[in-house]
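Worksheet: one structure, shown below.
Each chain gets a letter, A, B and so on, in the order the sequences are listed, and its residues count up from 1. Since this is a predicted model, take the numbers as computed values, not measurements. Only heavy atoms go into these numbers, but all of them, side chains included; no hydrogens, no water, no symmetry mates.
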Amino acid sequence: MPELPEVETVVREIRAPLVGRRFARVRAGKLALRKPWQPAWAKILTGSRVTAVTRRGKWIVIEIERNRYLVVHLGMTGQFTVTHADAPIAAHTHFVIGLDNGAELRYRDVRRFGSLTLYAGRAELDASFESAGLGPEPFGLDRKYWRDSLARTARSLKAVLLDQRVVAGVGNIYADESLFRAKLHPALIGKTLTPAASDRLRKAIEGVLTFAIERRGSSIRDYIGGSGERGSFQNEFKVYGQTGKPCPRCKTPISRIRLAGRSTHFCPKCQRVE
DNA sequence: ACAGGATCCTGGGGGC
DNA sequence: TGCCCCCAGGATCCTG
């Protein structure tokens with residue numbers, strides 16, 4: 001579910017209630033997430049103070065004193081919230097971390113595609129991102145890097161946008177919305193783009209993500225922010241999930257195809273194959 | 001190198 | 001009400 005705007009919203013909303021607090025109690029559920037949780041990690045976390053909360057691509061990084069990093073991925077249905085301890089614990093809640101002021105950090109994930117992992121040190125954290133080949137953040141992307149990345153590949157633009165090694169943070173919603181904004185067909189082959197079209201796409205990604213963060217992300221089914229409230233960018237979709245509805249620019253019905261293994265939405269008239 | 005499919009999971013919605 | 005099928009903000013592995 002969550003792509004960069006949703007993850008960024010969670011990070012912004014859990015940062016204030018977490019930074020400076022100590023983890024007082026860590027309770028892990030029995031069901032496994034995508035990466036196995038080591039029971040020993042609970043002991044390490046207990047009593048430790050949070051020093052920072054940041055984001056890298058779709059990953060949440062919670063920095064803890066003594067050089068530990070709790071890294072969280074929300075998968076498709078992950079929810080990461082700070083709530084009052086007396087709030088009822090929803091089904092599919094896999095982690096409850098009590099804070100020293102009585103609040104609770106909770107991780108809920110219906111499909112369990114997400115993960116929580118503890119890294120012992122910055123080097124280990126960096127190595128994990130590096131071994132995955134995680135690409136640069138989409139904001140302030142180097143123009144030449146982006147042009148070259150496209151010029152080098154015979155893959156479709158949709159496939160490139162979804163590839164976290166090329167650019168980190170874009171997922172299915174924002175790939176489709178970015179391609180619409182840039183007026184580029186999702187099936188266009190990277191190496192066929194003109195430099196101008198490449199630049200247009202780079203700026204479209206930034207524009208769409210920035211706007212989506214302002215709207216606190218998209219809440220379609222499961223997503224909620226760190227404070228538990230829904231986002232509203234789902235009300236701004238131009239093409240994602242708009243199959244058959246009129247294109248906001250030219251009124252042509254929005255098409256839906258399967259591309260790079262994912263549902264792909266676009267305007268067959270505005271987004272030319274060129 | 002790349003496309004496509006399967007996999008990990010659970011739940012919602014539509015059709016019958 | 002039940003059943004079956006398809007769908008879902010992701011990542012990764014395997015085959016051809």
Side-chain angles (χ1 to χ4, degrees), chain A residues 1-11 29-37 55-60 71-80 90-94 107-117 128-129 131-135 138 149-179 186-192 205 208-209 211-213 215-226 230-237 239-244 256-265:
Chain A
M1 112 207 187
E3 306 179 30
L4 187 150
E6 290 75 32
V7 176
E8 177 65 23
T9 301
V10 169
V11 163
K30 284 190 170 24
L31 294 176
L33 300 179
R34 195 161 207 294
K35 295 184 180 183
W37 170 262
R55 177 192 59 72
R56 178 75 174 88
K58 299 175 191 172
W59 299 88
I60 297 166
V71 177
V72 180
H73 197 290
L74 302 178
M76 289 279 264
T77 54
Q79 300 176 340
F80 207 36
H92 306 291
T93 298
H94 305 294
Y107 182 77
R108 174 172 187 261
D109 187 350
V110 171
R111 293 176 72 183
R112 288 189 276 130
F113 289 170
S115 63
L116 282 81
T117 311
S128 80
F129 288 145
S131 73
L134 190 63
S149 297
L150 293 175
R152 204 183 310 127
T153 186
R155 300 149 84 198
S156 66
L157 295 181
K158 178 66 182 271
V160 173
L161 288 175
L162 292 177
D163 188 345
Q164 303 300 298
R165 295 169 302 184
V166 178
V167 60
V170 179
N172 208 34
I173 292 176
Y174 301 106
D176 285 3
E177 293 294 317
S178 298
L179 288 164
L188 268 171
I189 300 304
K191 62 170 73 165
T192 68
I205 296 167
V208 166
L209 294 179
F211 187 21
I213 290 170
R215 291 286 185 272
R216 301 182 53 266
S218 307
S219 291
I220 303 172
R221 279 170 291 271
D222 303 277
Y223 168 73
I224 52 175
R230 289 163 55 84
S232 66
F233 192 74
Q234 68 277 9
N235 301 321
E236 311 289 344
F237 290 164
V239 291
Y240 183 82
Q242 307 302 302
T243 312
R256 175 177 174 275
I257 58 173
R258 189 155 285 269
L259 194 54
R262 313 293 295 276
S263 273
T264 300
H265 315 75

Would you classify [X] as touching base, sugar-phosphate or nothing, given that sugar-phosphate means primed atoms plus P, OP1 and OP2, and contacts are heavy atoms under 4.0 Å?
{"X": "A:Gly171", "value": "sugar-phosphate"}
{"X": "A:Tyr174", "value": "nothing"}
{"X": "A:Arg165", "value": "nothing"}

Please confirm whether the shortest side-chain N or O distance from [X] to OP1 or OP2 of [N] is below 4.0 Å.
{"X": "A:Arg258", "N": "C:dA8", "result": "yes"}
{"X": "A:Ser263", "N": "C:dA8", "result": "yes"}
{"X": "A:His92", "N": "B:dC9", "result": "no"}
{"X": "A:Thr153", "N": "B:dC2", "result": "yes"}
{"X": "A:Lys58", "N": "C:dA11", "result": "yes"}
{"X": "A:Arg112", "N": "B:dT7", "result": "no"}
{"X": "A:Gln164", "N": "C:dA11", "result": "yes"}
{"X": "A:His73", "N": "C:dA11", "result": "yes"}

Nearest-Å distance once atom P is located in both C:dC3 and B:dC9: 23 Å
P spacing across the pair B:dA1 / C:dG10, given as an integer number of angstrom: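 Those two atoms are separated by 25 Å.
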Looking at B:dG4, which nucleotide sits across from it as a Watson-Crick or G-U wobble partner, both distances under 3.5 angstrom, or is there none? C:dC14
When you get a sec, tell me which of [options] is the closest nucleotide to the side chain of [X]?
{"X": "A:Arg111", "options": "B:dG11, C:dG10, C:dA8", "result": "C:dA8"}
{"X": "A:Asn172", "options": "C:dA8, B:dA3, C:dG10", "result": "C:dG10"}
{"X": "A:Arg34", "options": "C:dA8, C:dT12, B:dA3", "result": "C:dT12"}

Where the side chain of A:Gln164 meets the backbone of A:Gly57, is there a donor-acceptor pair that is under 3.5 Å apart?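 Looks like no, no N/O pair under 3.5 Å.
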Assess the side chains of A:Lys158 and A:Thr264: does a donor N or O sit below 3.5 Å from an acceptor N or O?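 Note: A:Lys158 and A:Thr264 side chains meet the donor-acceptor criterion.
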Is there aromatic stacking of A:Phe113 on C:dA11 here, judged by a ring-centre distance under 5.5 Å and a plane angle under 30°?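 Ring-base stacking flag not set for A:Phe113 and C:dA11.
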